[in-house]
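What follows is a single structure, written as structure tokens, with notes after it.
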Amino acid sequence: MPKPILEVQELHKHFHTAADQVVKSVDGISLTIQPGETLGLVGESGSGKSTLGKTVVGLLEPTSGKVVFHGQNIATARGSQKRELNRNMQMIFQDPHASLNPRFRVGDIIAEGIDAYRLARGQARRDRVAELLERVGLHPDHAARYPHEFSGGQRQRIGIARALAVKPQFIVADEPISALDVSIQAQIVNLLKDLQQEEGLSYLFIAHDLAMVKHISDRIGVMYLGKMMELADRDSLFMEPLHPYTKALLSAVPASNPSAKRLRERIVLHGDPPSPLSPPVGCPFHARCPAATEICVRYIPEGKEVRPNHWVACHLF
Amino acid sequence: MNVTSTKLDQPLDHLFHPVDRSQLADQTLAYTSVPMWKDKIRKLVRNKLAVIGLALLLLIMLLAAIGPSLLPHSPSAQSLTQTNLPPSAEHWFGTDDLGRDVWARTWAGARISLLIGFAAAAIDLIIGIIVGGISGYMAGRSRFGDRIDSILMRIVEILYSIPYLLVIILLLVVMKPGILTMIVALSITGWVGMARVVRGQMLLLKQQEYVLAASKLGTSHAKIIFKHLLPNAAGIIIVNLTFTIPAAIFSESFLSFLGLGVQAPIASWGTMANDSLGVILSGQWWRLFFPGFMISLTMFAFNAFGDGLQDVLDPRSHQ
Ligand SMILES: Nc1ncnc2c1ncn2[C@@H]1O[C@H](COP(=O)(O)OP(=O)(O)O)[C@@H](O)[C@H]1O
Ligand SMILES: [Mg+2]
């Protein structure tokens, strides 16, 4: 196995709220990403996906645990090493309207990292911006425009160009297609795949349902209340989901093929996920789990590799 | 790559197949371009009350500048033969008990009121942006940042609970009453409101994804503060100013009326109103009416303009 580009080890990110309560938004997550690989991450809203993504790229400081990039702990890097790590890990955001400063021209938005890292100036900077605009399917003339003149999908392309500008090796894409129309979603996914092949990028691709990560992911992780419930190769997760929560998520993915339909019975989850402020004792999913038993109420299940490269945290296995 | 697409047939699958380059582009501008500021001015002009407010403000400022020179009377010239005259062609606003022209004194007073209002607001603005900005930017950044934030906010809370009347009384122990004393007194407690507004904006804006993106892209703290945060907070800061300036003007009038502010013989709307208290019963209505009316008109003009500006500049008011 090649050396992973990213290793996340037992990562915790807890927030203290005003009422002195603790939210364990990320509660002991471990994962690795190989060079050129895409790890899809799904989970309901509030399960801690964004917090994990932001902690991984260093926008948030972990409460405990480690993020190791190319063998280097990002928490202990200093000076130019730290800048280099920062440059190599970029992020694409969910909201195409909130992720671009309304007062900046598109050219200056895209060049923000170029300026900060002094990668180019003057004519070279303009050329690089034009090249990036074309790279993401926009027109070089768009550099002089303001974000409000663009559609959601186009704004997302601008956000992608901005991240690409500093030539990162790894990008966290935090629900980059959730706010877009279905036809536009496919365009953006295709663009990201295309860029991945040409630039050799690795992605942590976040979405709130499995249909969105299916086409881009090599492996998929399923998160629930800050914990990883299942992590497996894309195909084995789709064909042989193990965790009851994954099965429930999968049953919500529309299947037009009757044989696929027969394979999956529809499992409807009742109620909302419990509040992360007062997570249940035992398995976080037990209250909504159709297969919950006594042990699930008492003990938190450990992650187990039940098949090669197929991890699940469930007492059934 | 497409193995599962065929295995797990789905309605959308055809959209996710590799496409040729030309289909990867999306180059038509979605919206026609109207510069943001033009759009905002258009919105403001459509608001009648805001336009009236602005027109009145400009008129008051113009008259403060040139009003006294429209009549051949100086605001301080006394004339024992011309005392207590009602409004006439020669004295548009009448005269007071020392024979001074009330028109000239009203606009001389406007200068004082506007000077104190703008000066106090400018000091509030500077201290408020610095303290609120540091507090909001540092909060949640690290343990040290939280410490700074809570120390600054503790100071703000303490000052917020002290009435400015108490401050000026204490100040008068060490300073002579007058314009400077009043500006200092109003600023000591006045900036906390602006600091709270700026801090709130900082906390809100620094969570915005474009600010996170900027910090991820290695943009310096100074650039994030001055290029991303403050420009996007400017609208709400300006709106807040349209409420702090009239508040300072009113405080000036009130303090001068109580005799704690501007001292005779300098004219101010507050001292003029105070001077006229004894004579209002004997029918010399113009002595109280004109300064009182100007205070009210100024308050109205600022509030009308401020409300209109808020609709345009404060994104929260659209929701
Ligand atoms: N800055 C913060 N302060 C306090 N709680 C937070 C903060 N950010 C996220 N949370 C909480 O952490 C949990 C996970 O949030 P998030 O990571 O945004 O989930 P997701 O992206 O999966 O929807 C939520 O309950 C949220 O309220
Ligand atoms: Mg999220």
Side-chain angles (χ1 to χ4, degrees), chain A residues 54 57-59 61 83 86-87 89-91 93-95 98-104 109 112-113 115-117 136-139 142 145-146 148-151 153-154 157 159 162-163 165-166 182-187 189-191 193-194 211 214-215 234-235 238-239 253-257 260, chain B residues 1-37 39 140-143 146 205-220 223-224 227-232 234-235 315:
Chain A
K54 286 177 193 167
V57 297
L59 279 172
E61 255 175 59
R83 266 181 89 71
N86 257 322
R87 183 184 64 72
M89 308 169 85
Q90 288 301 321
M91 187 151 179
F93 295 89
Q94 172 172 8
D95 185 346
S99 59
L100 309 178
N101 187 337
R103 287 165 198 279
F104 277 33
I109 290 173
E112 183 151 23
D115 297 340
Y117 286 98
V136 298
L138 294 170
H139 196 276
H142 289 162
R145 303 282 183 166
Y146 285 95
H148 71 264
E149 298 174 48
F150 295 86
S151 68
Q154 289 171 324
R157 290 167 188 267
R162 169 176 63 188
V166 295
V182 172
S183 60
I184 311 284
Q185 290 184 344
Q187 285 183 11
V189 167
N190 280 326
L191 175 64
K193 273 178 151 178
D194 199 52
K214 180 181 157 195
H215 297 274
R234 185 253 318 257
D235 291 357
F238 268 87
M239 300 312 287
V253 174
S256 60
N257 177 329
Chain B
M1 220 47 204
N2 292 304
V3 191
T4 45
S5 314
T6 46
K7 267 196 282 193
L8 291 168
D9 186 19
Q10 272 189 39
L12 303 179
D13 279 1
H14 66 282
L15 292 172
F16 287 90
H17 287 297
V19 288
D20 68 70
R21 273 236 95 90
S22 64
Q23 273 177 282
L24 284 174
D26 176 8
Q27 303 195 334
T28 329
L29 280 182
Y31 305 98
T32 49
S33 149
V34 180
M36 244 193 332
W37 60 270
D39 189 48
R141 192 163 288 278
S142 60
R143 198 159 298 175
D146 279 335
L205 289 173
K206 73 179 188 180
Q207 298 297 330
Q208 293 285 316
E209 292 181 340
Y210 61 78
V211 179
L212 295 178
S215 92
K216 197 57 231 138
L217 288 162
T219 304
S220 66
K223 220 169 166 185
I224 288 179
K227 288 267 168 87
H228 288 290
L229 297 174
L230 287 179
N232 282 292

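Just so it is clear: chains get the letters A, B, ... in the order the sequence lines come, proteins before strands, and each one is counted from 1.
- Between the B:Lys216 side chain and the A:Met89 main chain, a donor and an acceptor come within less than 3.5 Å of each other.
- In this structure a side-chain-to-backbone donor-acceptor pair under 3.5 Å is present from A:Gln154 to B:Thr28.
- There is no contact between A:Tyr146 and chain B, counting heavy-atom distances below 4.5 Å.
- When heavy atoms are compared at a cutoff of 4.5 Å, A:Val57 approaches chain B by way of both its backbone and its side chain.
- For B:Ala214, the side-chain contact (heavy atoms from CB on, under 4.5 Å) criterion is met by A:Glu112, B:Thr219, B:Ile224, B:His228, not counting sequence neighbours.
- Residues A:Met91 and B:Leu212 are not in side-chain contact: their nearest non-hydrogen atoms beyond the backbone lie 4.5 Å or more apart.
- For B:Lys223, the part lying under 4.5 angstrom from a heavy atom of chain A is the side chain only.
- Contact between A:Ala98 and B:Gln208 at its shortest, heavy atoms only, is CB-OE1, 3.7 Å.
- Smallest separation of non-hydrogen atoms from B:Glu209 and A:Phe93: OE1-CB, 3.2 Å.
- Heavy-atom distances place the backbone of A:Leu100, and not its side chain, under 4.5 Å from chain B.
- Of the inter-residue distances, the one linking B:Tyr210 atom OH with A:Arg162 atom CZ reads 11.0 Å to the nearest 0.5 angstrom.
- In this structure, chain B has a heavy atom under 4.5 Å from the side chain of A:Arg83, while its backbone stays farther away.
- Of all heavy-atom pairs spanning B:Ser215 and A:Leu59, the tightest one is OG-CD2, 3.2 Å.
- Both the backbone and the side chain of A:His139 come within contact range of chain B, each with at least one heavy atom under 4.5 Å from a heavy atom of that chain.
- Residues passing the salt bridge (charged side-chain N to carboxylate O under 4.0 Å, His left out) test with A:Asp95: none are found, sequence neighbours excluded.
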